[in-house]
Novice: 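Below is one structure. I have some questions about it.
Keep in mind that the numbers below use all heavy atoms, side chains included, and drop hydrogens, waters and symmetry copies.
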Amino acid sequence: MAEKQHLYLVDGSAYIFRAYHRLPPLTNPEGTPVGAVYGYTTMLWKLAQDLDDADGPTHLAVVLDKSSHSFRNDIYPEYKANRPDPPEDLVPQFPLIRDATRAFSLPMVEEPDVEADDMIASYAYAAQDAGWDVTIVSSDKDLMQLVGEKDGAKIDMLDTMKDARIYIEEVQEKFGVAPELVGDVLALMGDSVDNIPGIYGIGPKTASKLIGENGSLAAALDAAPDMKKSKLKERLLEGREMAELSRELVELKSDCPLPIAIEDMKLDGIPPEPLADFLETHGFNSLLKRLEAGTGSPGRTTNLNPEKADTKGDEGTPDGNIQPLPEWPDVDRSAYTTVQTEDALKEWIARARDLRVVAVDTETSSLDAIAADLVGVSLALGPNDACYIPLRHGGSDMFDEKPEQVDFATAIALLKPLLEDDSVLRIGQNIKYDINVLARHGIAMGPVDDTMIMSFDLDAGRSQEGIGGGHGMDELAERHLGHTTMKFKDVCGTGKKAIPFGEVPLGKATEYAAEDADVTWRLHAHLARRMPDEGATRIYQRVDRPLIPVVAKMEREGIKVDRAELSRLSETFAETIGRLEKEIHKDAGEEFTIGSPKQLGEVLFDKLGYKGGKKGKSGQNSTDQSVLERLSGEGHAIADKVLEYRQLSKLKSTYTDALQEAINERTGRVHTSYSLVGAQTGRLSSTDPNLQNIPIRTEIGRQIRKAFVPESGNVLLAADYSQIELRLAAHMADVPELKEAFEQGEDIHSRTAKEMYGEVDRDTRAAAKTINFAILYGISRWGLAGRLGIEPDEAQEKIDTYFQRFPGIQSYIHSTLESVRAKGYSETLFGRKTWFPRINSKNQAERQGSERAAINAPIQGTSADIIKRAMARMLHALEAEGLNDVRMLLQVHDELVFELPEDDVEKASPVIERVMAEAAQPAVTLDVPLGIEIGTGPSWDDAH
DNA sequence: CGGATCACG
DNA sequence: GACGTACGTGATCCGA
């Protein structure tokens with residue numbers, strides 16, 4: 001006897017919505033949300049496992065909705081009209097469902113103009129007619145109409161989430177009628193989700209009763225005129241048309257043409273290779289392990305059908321994050337042009353001005369934009385439509401003859417109008433760099449887009465990588481385009497063998513440089529398309545994008561440091577360090593490297609036998625500040641000396657020595673580089689050198705600040721937001737007492753002390769201050785106990801008191817976490833998102849770490865948004881008052897540093913104060929004022 | 001190149 | 001039942 005065929009039809013589209021709402025918002029290693037995809041994958045896995053079961057599938061297909069439009073919209077335009085857009089973090093998962101299905105090498109049915117339900121009905125009946133059993137994997141009530149038996153062939157349903165079979169009895173129980181009458185019940189009761197009208201006032205109970213009693217919808221409607229007078233009678237009479245329309249809408253179209261024959265849906269083993277690739281890509285490691293171990297592997301994995309194995313994914317899009325863009329050919333480096341003549345350059349420029357969008361990339365001699373020399377420029381106007389314009393290639397000893405290239409000054413003169421044209425959009429990856437390089441040649445770039453910042457505004461926090469924050473071009477190309485770029489070191493080499501870009505032969509230089517522009521152009525098209533859908537447009541357009549030229553200008557300005565002063569400090573420090581070193585060695589009874597925590601630990605804890613404290617990851621005794629301070633308190637003089645030694649070594653190597661090195665030869669000033677994508681919260685970060693961590697907390701450290709000075713006739717002005725994060729916390733958590741304190745200009749920590757302890761003195765104020773900050777950072781009783789030097793129990797009491805006095809804070813923390821857990825990201829008042837992929841981690845430490853960061857991110861991030869808005873407006877506001885000589889030099893998170901003529905201070909101060917104080921408006925109106933403190937002086941230290 | 005340490009908000 | 005405790009950065013040094 002031939003085996004009974006059994007076709008499983010998986011209602012894929014409906015499934016992912018349910019999976020989305022039931023499962024935690026997981027993300028894959030790339031940060032794409034995949035919670036629903038994971039649910040879908042496990043479901044397919046389970047089904048495939050049932051292959052050998054008596055009631056399991058012999059044939060299987062996935063049916064998906066192709067488009068949102070169907071013939072039902074033509075009958076009734078309102079159909080599904082009130083359906084909300086799918087959640088933001090579900091949208092990117094739709095294409096992944098297809099990838100998952102391909103990974104299992106399963107046939108997929110997607111037809112336009114009909115719904116998945118119609119295709120399921122058509123296939124179910126076709127299979128039933130052939131004598132097969134059919135199982136519909138869904139719990140959609142519309143599909144329950146199909147359940148039943150004909151000539152010994154059954155159609156049933158399987159709800160995999162509840163692991164429940166739905167057959168005639170279950171349908172009867174749910175609707176009170178037989179499956180074939182379900183459509184009639186649905187037509188009467190309507191469906192708010194699909195916006196099927198039904199009859200107003202008739203719900204499931206009444207509908208099933210009416211159909212049950214009358215035997216059909218038509219009979220029920222016909223019976224209405226003879227009913228005794230009642231509300232129900234009126235409704236039936238009035239609603240007749242709506243009910244008939246609804247009946248048409250819920251009717252499944254069961255005669256659709258079948259694109260794949262049911263016989264071709266045979267399930268005879270899942271080829272393991274494509275599935276393994278997919279599981280690995282998305283970090284579904286437990287399934288991957290099971291697959292690799294061969295235990296519980298889905299279906300029979302023996303039959304590697306080469307034809308099916310080839311059906312995996314679209315080429316070039318291993319990620320599935322995006323739909324492949326079919327109009328884009330693969331990156332082809334041989335398609336690029338080297339522009340070596342004026343005529344060719346003019347032609348590229350003319351085309352760029354015509355298209356109004358051009359990706360630009362500069363090649364230079366150094367990573368430091370202010371110090372770098374321009375070596376060449378690349379442009380891209382479309383995929384593979386890119387060129388490299390060498391400008392200063394050759395000329396070293398290695399090249400006796402320079403390659404043919406357009407004269408430098410001529411090329412700049414030709415490029416300038418294109419790059420300055422306000423009606424042309426320039427696209428760059430970290431375009432601040434190119435702005436600064438080109439500024440040296442008198443080019444002031446007009447409007448720009450930056451793919452690095454677009455990526456940041458879309459995906460901050462999603463990538464776990466460190467350097468570049470996951471927004472570097474190579475990573476983006478890999479992630480979004482599935483393309484591996486040429487690496488700089490492949491072109492120029494590394495280490496001692498590295499050659500300057502200007503000495504790279506033109507062929508290779510063109511491949512590398514033009515590819516960067518090409519890839520940037522493609523990334524821009526991709527990211528720009530995502531931004532409005534994913535809610536990144538606002539923060540990008542209103543905050544980050546306007547900041548690009550402003551920060552570029554600050555970097556070009558630089559700040560003057562007094563080299564002689566730093567040098568004097570270095571010498572003084574060196575003397576003291578030398579003296580301390582001798583004394584420490586004497587105390588220790590041996591010479592050792594004090595700067596080595598390992599050796600220091602051995603001396604202190606092994607040789608001298610002092611009591612150790614905490615240990616680090618490596619199991620090594622910590623010798624950090626807190627430990628040394630404890631030892632010092634226990635009367636060990638060597639600890640004091642090491643502390644001082646540490647402090648001075650730090651100051652000397654990181655500041656007094658390094659800052660001298662950082663002075664630019666040409667400008668005589670120090671130019672930091674700000675990263676707009678460095679901090680997950682939206683803060684800037686500062687590197688090479690970091691000017692956001694110049695000492696201020698100790699007297700000896702402040703001497704370094706004294707070396708930051710203005711040009712003669714000028715002063716430095718420092719303006720900082722006072723307690724901005726606490727003010728924002730008061731606003732965002734809506735704490736009346738704190739808001740009032742800020743309105744009255746009270747000392748906020750004293751006010752907190754008063755609320756908590758009833759009295760204000762030095763101790764209670766200090767404790768209140770600690771608690772205030774603890775709140776901003778996400779508190780734990782142990783953390784607070786450590787800081788306050790009390791027991792965890794006591795710390796918990798403090799926290800309870802705090803929450804009691806300020807219940808808004810507690811509910812803010814609660815609702816923030818709820819929201820981050822559900823959505824996967826936090827949001828600032830200005831709509832900046834920070835993603836927390838580990839917020840639902842099973843690892844407690846990891847999860848709690850994410851929770852603390854998630855509590856802090858909206859506050860720190862909003863503060864960052866506000867100062868960024870102030871910066872973006874500042875120069876304009878100053879210019880409007882005729883203050884053209886005021887230069888904005890530095891940003892230190894809540895502080896801006898300016899250099900300006902002494903005579904301008906009086907006029908500039910109120911402008912600066914106003915711009916900073918009003919920076920949130922008009923987008924956001926805060927319940928608390930933003931306090932600004934301004935100081936001026938002959939050094940940065942004096943300006944405080 | 002990672003860990004430890006310490007400079008800043 | 002154990003986990004391991006404040007958020008965000010960058011630079012320097014040591015030592016594998």
Novice: Going 5' to 3' through nucleotides 9-16 of chain C, assign each nucleotide B (protein heavy atom under 4.0 Å from a base atom), S (under 4.0 Å only from sugar-phosphate atoms) or - (no protein heavy atom that close).
Specialist: SBBSSSSS
Novice: Take atom P in B:dT5 and the same atom in C:dT5, then report the distance between them in whole Å.
Specialist: 13 Å
Novice: Starting at atom CZ of A:Arg705, determine the distance to atom P of B:dA7, rounded to an integer number of angstrom.
Specialist: 13 Å
Novice: For A:Glu791, look at atom CD and say whether over 12 heavy atoms of other residues, nucleotides or ligands are found less than 6.0 Å away.
Specialist: no
Novice: To the nearest angstrom, how far is A:Tyr802 atom OH from C:dA6 atom P?
Specialist: 18 Å
Novice: Tell me, please, which residues at least two apart from A:Glu565 pass side-chain contact (heavy atoms from CB on, under 4.5 Å).
Specialist: A:Asp562, A:Arg568, A:Leu569, A:Ala707
Novice: Using the C1' atom as the reference point in each nucleotide, state the distance between C:dA6 and B:dG2 in Å, no decimals.
Specialist: 23 Å
Novice: Using whole Å, report how far CD1 of A:Ile700 lies from P of B:dA7.
Specialist: 11 Å
Novice: DNA chain C in dot-bracket, Watson-Crick or G-U pairs under 3.5 Å, [ ] crossing, | other strand?
Specialist: ......|||||||||.
Novice: Could you state the CH2-P distance from A:Trp782 to C:dA2, rounded to the nearest angstrom?
Specialist: 14 Å
Novice: Give a yes or no on this: more than 12 heavy atoms of other residues, nucleotides or ligands lie within 6.0 Å of atom CG of A:Leu608.
Specialist: yes
Novice: Ignoring hydrogens and angles, state whether a donor on the side chain of A:Tyr433 or A:Asp450 is under 3.5 Å from an acceptor on the partner side chain.
Specialist: no
Novice: Provide, to the nearest angstrom, the distance between the CD atom belonging to A:Gln891 and the C1' atom belonging to C:dG8.
Specialist: 13 Å
Novice: Give a yes or no on whether A:Lys487 atom NZ has more than 12 heavy-atom contacts from other residues, nucleotides or ligands under 6.0 Å away.
Specialist: yes
Novice: In terms of ring plane angle, is the pair A:His471 and A:Phe456 parallel, tilted or perpendicular, where the classes change at 30° and 60°?
Specialist: perpendicular
Novice: Just N and O in the side chain of A:Arg697: are any of them under 4.0 Å from OP1 or OP2 of B:dA7?
Specialist: no
Novice: In whole angstrom, what separates A:Gln620's CD from B:dG2's C1'?
Specialist: 13 Å
Novice: If we ignore angles and hydrogens, is there a donor and acceptor under 3.5 Å between the side chains of A:Asn436 and A:Arg556?
Specialist: yes
Novice: Please identify each residue that fulfils side-chain contact (heavy atoms from CB on, under 4.5 Å) with A:Glu725, with sequence neighbours left out.
Specialist: A:Arg683, A:Leu776, A:Asn856, A:Ile859, A:Gln860, A:Ser863
Novice: Taking the side chain of A:Arg683 as heavy atoms from C-beta outward, which of C:dG8, B:dT5, B:dC8 is closest to it?
Specialist: C:dG8
Novice: So that I can tick it off, tell me whether A:Lys607 and A:Glu590 are bridged by a salt bridge, with the cut-off set at under 4.0 angstrom between side-chain N and carboxylate O.
Specialist: yes
Novice: If you count heavy atoms of other groups shown closer than 6.0 angstrom to NZ of A:Lys489, is the number above 12?
Specialist: no
Novice: Counting only side-chain heavy atoms from C-beta out, which of C:dG4, B:dA7, B:dG9 sits nearest to A:Gln625?
Specialist: B:dA7
Novice: Quick one: label A:Ile779 by what it contacts on the DNA or RNA (base, sugar-phosphate, nothing), any heavy atom closer than 4.0 Å.
Specialist: nothing
Novice: Please list all pairs meeting side-chain hydrogen bond (donor to acceptor under 3.5 Å, both in side chains) that have one or both residues in residues 777-788 of chain A, counting only residues at least two apart or in different chains.
Specialist: A:Arg781-A:Gln796
Novice: Parallel, tilted or perpendicular: which describes the rings of A:Phe806 and A:Tyr802, with under 30° parallel and over 60° perpendicular?
Specialist: perpendicular
Novice: Determine the Euclidean distance between corresponding C1' atoms of C:dG4 and B:dC6; express it in Å to zero decimal places.
Specialist: 22 Å
Novice: Does anything in residues 845-862 of chain A reach DNA chain C, meaning a heavy atom under 4.0 Å, and if so which residues?
Specialist: A:Gln848, A:Arg852, A:Ala853, A:Asn856, A:Gln860
Novice: Quick one: A:Arg702 CZ to B:dA7 C1', roughly how many Å, whole number?
Specialist: 14 Å
Novice: How many whole angstroms separate atom CD1 of A:Ile867 from atom P of B:dC8?
Specialist: 18 Å
Novice: Side-chain N or O of A:Arg787 less than 4.0 angstrom from OP1 or OP2 on C:dA6?
Specialist: yes
Novice: Contact class for A:Arg646 vs. all strands (heavy atom < 4.0 Å): base, sugar-phosphate, or nothing?
Specialist: sugar-phosphate
